[in-house]
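Here the structure comes first, spelled out in structure tokens, and everything after it is commentary.
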Amino acid sequence: MENQKNIEPQKAADLLYQMLLMRKFEEKSAELYTKEKIRGFLHLYIGEEAVATGVIQTLKPEDYILGTYREHAHALARGVDAGAIMAEMYGKQEGCSRGRGGSMHLFDKEKNFFGGNAIVSGHLPMATGMALASKKLKKGNITVCFFGEGAAAEGEFHEALNLASLWKVPVLFVCENNLYAMGTALRYSHSMQELEKKGQAYGIESAAVDGMDLLRVMEAATKAVDLVRSTGNPYLLVCNTYRFRAHSMFDAELYRDKAEVEEWKKRDPIPQFREYLLKENLINEEQIGEMEERLKQEIQKAVDFAEAGTWEPEEDLGKFVYTQNSAS
Amino acid sequence: MENQKNIEPQKAADLLYQMLLMRKFEEKSAELYTKEKIRGFLHLYIGEEAVATGVIQTLKPEDYILGTYREHAHALARGVDAGAIMAEMYGKQEGCSRGRGGSMHLFDKEKNFFGGNAIVSGHLPMATGMALASKKLKKGNITVCFFGEGAAAEGEFHEALNLASLWKVPVLFVCENNLYAMGTALRYSHSMQELEKKGQAYGIESAAVDGMDLLRVMEAATKAVDLVRSTGNPYLLVCNTYRFRAHSMFDAELYRDKAEVEEWKKRDPIPQFREYLLKENLINEEQIGEMEERLKQEIQKAVDFAEAGTWEPEEDLGKFVYTQNSAS
Amino acid sequence: MSEMIKITYREALKAGIREALTNDERVFLMGEDVGRYGGAFAVSKGLLQEFGEDRVMDVPLSESGFVGAGIGASLAGMKPIVEVMTVNFGLLPMDQIVNNAATMLHMSGGQINVPVVIRMSCGIGKQLAAQHSHSWEPLFAHIPGLVVLSVGTHEDARGMLHTALEHPDPVIIFEYTSMLNREAEIPADAGPMDISLAKVRREGKDISIITYGIGVHKSMEAAEKLAEQGIDAEVIDLRVLRPLDEKCFLESVVKTHRALLVEEAWGSINVSSEVSARIMEKAFFDLDAPVKRLGGVEVPIPYPLHLENASVPQVDDIVNAVIKILRP
Amino acid sequence: MSEMIKITYREALKAGIREALTNDERVFLMGEDVGRYGGAFAVSKGLLQEFGEDRVMDVPLSESGFVGAGIGASLAGMKPIVEVMTVNFGLLPMDQIVNNAATMLHMSGGQINVPVVIRMSCGIGKQLAAQHSHSWEPLFAHIPGLVVLSVGTHEDARGMLHTALEHPDPVIIFEYTSMLNREAEIPADAGPMDISLAKVRREGKDISIITYGIGVHKSMEAAEKLAEQGIDAEVIDLRVLRPLDEKCFLESVVKTHRALLVEEAWGSINVSSEVSARIMEKAFFDLDAPVKRLGGVEVPIPYPLHLENASVPQVDDIVNAVIKILRP
Ligand SMILES: Cc1ncc(C[n+]2csc(CCOP(=O)(O)OP(=O)(O)O)c2C)c(N)n1
Ligand SMILES: Cc1ncc(C[n+]2csc(CCOP(=O)(O)OP(=O)(O)O)c2C)c(N)n1
Ligand SMILES: [Mg+2]
Ligand SMILES: [Mg+2]
């Protein structure tokens, strides 16, 4: 990890806290999954935290964010309330999507967080369209769209990037290349594996970055976001990363070696960043201890909130199909 | 047009005949359209003849060919009987698709001619799959798939090329870049307009060629086909060409200047090739005169065949939905 | 009643679009060839010149991409009218329409509505053969979350779009290619039409002919013929295929005690099946005869005119079916 | 009768695939994660190891591409089993399935048949929420040219694939995710099952419960409960959703004079609508009561268990509906 000037101690601490929150929150979620408090599919982001953290910290509140079904971390980074996320995963009506969505469909319109999209690549065209609206309405905000490297094989990737470039709209496509799409390794998904080069096919500027290194992601994301914001043009940022856990809770991980996973864990973004901060005296052990205490409390609070949440009455089943019958 | 060695006079004459046949056949079709003998959509290939001629002459009878709705010329080059094509456009049961398909759906299984596909880009995945079957069955043949530059913006282009390259299957993708997709100019279809470079996004070898020059197309196609056949890998050949006529018979051509069309007509592949042959003494005026006579006869024969054709009885309407009730 | 003007269905559609573009800056029209080409069927001819490139956007062939972008733009404050040139290409964006447009409101727990309008031309009648003659209203009308309209009359052509654009949820509008040149009289000041109710187009007491789209005209014609034979048929235009206005047709059946359902879509699992099933459930004891259906023959549409005509119900078929019900 | 063995639905499916791969070299299985991952639901676990990469092919996320490739491979002599991981992703390849697979035979005038088999897992029951719980049998069953099967029992899971692979036309097989772990007894030598007929799963004289898929089990259970109340229900498993075996259910209704139609798909324009309409048309005078339907609530499926359960008919709903019909 290279030295980077200009990181304020407070910001450094916040970023570390954020990554730790993502990690602990998801560890807790996994535990709650085995206790059957959380059901459906649960996709953990553990190992990839530097990406969401590094990208989202560069954004303004008015920027739009679209994520996949592996979006707890993005929602947290965006400031969606941890309790509302947990309640959503419980299926309680206090959840950020009223419990209707679950883990794969976190939404928070006030925070400009647009999901939670579980059809792989299906949100890319929407991202282009949101950026188009921003341009037309001269809003000045940008759209950031996260997706996996597997998603880039879908036709919608091709269409969405071409449209974004033709229309010159301010959208940042963030490809989270964690080397696997479920059990399908990158080399089986793509005939050409330097994904950032795919930008050239659309005349879209692009870059790849080590997604395990928060500072590097921040640097690359800052550059990308500045460019998108100043030029109004799209950008493709490929973050090379790794998921430490199974694809979802239904995954025997037959497709990769334990050793490979262990190798990548050595590059865990969180200890990496923590060591850096300690080394640079941007934080001390005591502060970290305090932080861990705060974290424990925040997560407990989220769980308590979810536990205390209520079930939507069955009579309301037909709500939210059309706006007019959706009054809450 | 550059000198090319090794072109036999007989072959030269055949190629000229073929291009002329395409041209005259389609001119006749346009006339028959205004007489309401032919209905539905009719998409003429006039101006682009060097592409189908140049590519298809390099193929073996066992190679598979897939075309678009603008495929009369490809069918003729493939040796589908002109009478059967004309009868098809009349909707007669003597047509190559029994009259069920019409102009957009020419099929001839015996000739390995697989359409006549009118959903833009919908045949690209099928082409990849046919080549996959050839590989699996060790047939040794290749698949050639024609499509327009507009089609390359569809997601299926992206998916089909990626799959072909991943699987290393013998398919030649021929992009007929006639600069327009209906009324949408290349620059409005693609953010990056050097279409051959799109091959790089899939690790597919590719080239662009002047599609108005038969000899150049032949050269490029020969190289491409040899490569596909010898390596078993896909290839993308972009033929830069132009359609002289409207997109279909329902097109006021509001989107382009007459002058632009006239400019391109100066590069008409047919006179270009004819002059070349004359200059090189590969043909003489008398032979051309004879050829024109033969052409007239072949076309008249096709029209007579179509005129004499019969309508499928209405009771047979339900045929060809499932194989079992399709006995003829 | 106000002055009447003679107008084609095409002009009525165009007037509706023009008005929408004039009245609301957030409205824009996007689709393949809507601008420079003038619209595949000349519906939007001249609008590019009048409103400029930002309001009338030509898009590349990429149905999933641009429909998705339209959905996205609607999330971010615009009011897009997305034209899918014809329903024949409407399966390509269907995932966007179903999994995004129709689902977002629900899975976000009511937070995010999707005010997009998607227009598609559809139906048979131009000898366009199997891939270009689809009547897929039933596929879209199956989907909760969508409002699905069928434009069976000139007044609706003029006015439905206005109301659709005011709707907070996604609206799919089916227009009929074969009706474009048809003239009819509408009030000079025709405007916004309700989009929740079916309409009795002709009152009658002997039987209810329940239909939509082109079926309305065929049924009206049939009703006139039947009148000559002393049979007084009521004709109901469903107009809204989802959510169905069952009150209208149930009341009619309760009055006439008999019903014939007419539509051009393939004959099974279509709108008529649903109407029949609802009559069964809710008006069984009012029936004097079983409800009958006349639907499209279950065959990909063949090219020749006589077979194309035979593949959908014609006026005489309707007349005969009614007579058979009334005078068995 | 032969010896019975206990087997899960998953094992039965797998045995069918294994046998197909063993018996015919032209058969191969392709789909996302069918190989290295072992199948999203472990159905194909171990088959890659047993048959190798050429026979069990992992494909990238590109549903339109690989389904189209499967169609193409079937044109060129292979017998592909294409797995679309779940029907939730089945709209992406729908254009390929409808405009190519289902249409090619017809538009080629009977020359080119498409012997592809496409398997999709479907249905509700794992709290997977709005984008991952679809029951889209009605959408596919609307399409002429397809054979559409619903695997409601373990025998069918074991044997339908065999027969589907012998069919010259495209066959879509719907399998039910929530049944995978369910055990049942089937004959040890179970094998090829007919794929043209519906089946009476339980004989009865008081009412016909007509259903398919998971509905079969719920209806059987309901029938047992009804028997305790002295009601003797006949249960019919449609099995083949296109072309419908109407003879089977009409005979049943003629015998019982009453029918309840049960399915999990959204409640309008679904298979039950069609069955009801046919009973109306062909057995009206045999009815002692109007045919009733129990379908899915027309709402994108919500995540929480109680709402998910409330969104499809349950055993008690069936029991109550039957009682209401019989003892109004
Ligand atoms: C269109 C579609 N096809 C298949 C799936 C099933 N699926 C869910 S996640 C996934 C892998 C996606 O991989 P990637 O895009 O790399 O994202 P990651 O999960 O690695 O973050 C698959 C195949 C889906 N949800 N959507
Ligand atoms: C999926 C799809 N979208 C739209 C159309 C309507 N359409 C037919 S041809 C065409 C233009 C295709 O352009 P290109 O691929 O460049 O081929 P060309 O006609 O120039 O040969 C369009 C938009 C279609 N047939 N299929
Ligand atoms: Mg991945
Ligand atoms: Mg073109």
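Chain letters run A, B, ... following the sequence lines, proteins first and then strands; every chain starts at 1. Small disclaimer: the values here were computed from a predicted structure and weren't measured.
Your options are D:E25, D:M78, D:M107, D:M30, and the one with the most heavy-atom pairs under 4.5 Å with chain B is D:M107. Of the listed residues (B:G122, B:G101, B:G115), the one with the most heavy-atom contacts under 4.5 Å to chain D is B:G122. Contact count against chain B (heavy-atom pairs under 4.5 Å) is highest for D:I112 among D:V147, D:I71, D:I112. Heavy-atom pairs under 4.5 Å with chain D peak, among B:K139, B:K136, B:H123, B:K109, at B:K136. For the set D:H106, D:E63, D:R26, the count of heavy-atom pairs under 4.5 angstrom toward chain B peaks at D:H106.
If you measure heavy-atom distances from B:K135 to chain D, you find no contacts under 4.5 Å at all. Residue D:F66 touches chain B through both its backbone and its side chain, counting heavy-atom pairs closer than 4.5 Å. Of the atoms belonging to D:D95, it is side-chain heavy atoms, and not backbone ones, that fall under 4.5 Å from chain B. The parts of D:Q111 that come within reach of chain B are both its backbone and its side chain, each placing non-hydrogen atoms under 4.5 angstrom from that chain.
Annotation: side chain of D:M104 is in contact with side chain of B:M126 (closest heavy-atom distance under 4.5 Å). Using a 4.5 Å heavy-atom threshold, the side chains of D:L105 and B:V321 count as separate. Contact annotation: the side chain of D:M57 approaches that of B:L132 to within less than 4.5 Å [non-hydrogen atoms, C-beta and beyond].
Within the model, atoms CD1 of B:I119 and CG of D:N100 stand 8.0 Å from one another, a figure rounded to the nearest 0.5 Å. Atom OG of D:S64 is separated from atom CG of B:L124 by 10.5 Å, given to the nearest 0.5 angstrom.
Of all non-hydrogen atoms in B:P125 and D:G65, the two that sit nearest each other are CB-O, 3.5 Å. Taking all atoms of both residues into account, the shortest heavy-atom contact from B:Y322 to D:G145 is OH-N, 3.2 Å. Pairing each heavy atom of D:A73 with each of B:A133, the nearest pair is O-CB, 3.7 Å.
Scanning residues 145-168 of chain B against chain D with a 4.5 Å non-hydrogen threshold yields B:E156, B:E159, B:N162, B:L163, B:L166, B:W167, sorted by number. Listed by sequence position, the residues of residues 82-89 of chain B in contact with chain D number zero, using a 4.5 angstrom heavy-atom cutoff.
Counting heavy atoms of neighbouring residues, nucleotides and ligands inside a 6.0 Å radius, atom CZ of D:R18 does not exceed 12 of them.
Checked by atom type, the side-chain pair B:T323/D:N113 shows no donor-acceptor distance below 3.5 Å.
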